[in-house]
Amino acid sequence: MQKENHIPLHHDEVMQSVARFLSALWVEGEFRYQPDYLVEIFENILKTEIGNDQDLRTKMISCIKTSKMLKKALERFSDQEIEKACNGIVKA
């Protein structure tokens with residue numbers, strides 16, 4: 001994400017980018033299980049020497065939180081509803 005020299009985009013362009021991102025996630029499949037996968041992976045990393053790095057631990061926790069937030073935001077929708085909404089926004 002750009003912070004400096006930012007050129008504001010039209011709202012529709014941002015929404016289309018987000019829709020393409022979400023659509024790609026669902027093509028990859030099983031995104032609803034990603035938070036659990038991340039927890040399992042990170043728990044195993046934390047058992048190693050590299051897992052002792054505080055900065056790395058902070059980043060891992062941030063990844064888990066972000067993944068859980070996305071899962072929670074979309075959990076009430078079916079995969080078909082999400083795909084249909086994303087396609088509608090991208091084509092708009």
Taking a hydrophobic cluster as the set of Ile, Leu, Val, Met, Phe, Trp and Tyr residues connected by side-chain heavy atoms closer than 4.5 Å, whether directly or through intermediates, do [X] and [Y] fall within one such cluster?
X	Y	value
Val39	Ile61	no
Ile82	Leu70	yes
Leu74	Val18	yes

Spacing of [atom1] belonging to [X] relative to [atom2] belonging to [Y], to within rounding of 0.5 Å:
X	Y	atom1	atom2	result
Lys68	Glu75	NZ	CD	12.0 Å
Ile45	Asp53	CD1	CG	11.5 Å
Ile89	Met15	CD1	CE	4.5 Å
Thr48	Leu56	OG1	CG	8.5 Å

Report yes if the side chains of [X] and [Y] come closer than 4.5 Å at any heavy-atom pair, otherwise no.
X	Y	value
Phe21	Cys86	no
Ser62	Lys65	no
Ile41	Met60	no

Counting only N and O atoms by type, is there a donor-acceptor contact under 3.5 Å from the side chain of [X] to the main-chain atoms of [Y]?
X	Y	answer
Glu40	Tyr37	no
Arg20	Val90	no
Ser67	Cys63	no

May I ask you to say whether Asp55 pairs ionically with Lys59, meaning some side-chain N is under 4.0 Å from a carboxylate O?
-> yes
Would you say Tyr33 has more than 12 foreign heavy atoms packed within less than 6.0 Å of its OH?
-> no
For Lys71 against Pro35, the heavy-atom pair lying closest together | CD-CG, 3.9 Å
What one should report as the nearest heavy-atom pair of Glu81 and Arg76 is OE1-O, 4.2 Å
Those residues that, when tested against Asn52, pass side chain to side chain donor-acceptor pair (under 3.5 Å) (two or more places apart) = none
Which residues pass the side chain to side chain donor-acceptor pair (under 3.5 Å) test with Asp79, sequence neighbours left out?
-> Trp26, Arg32
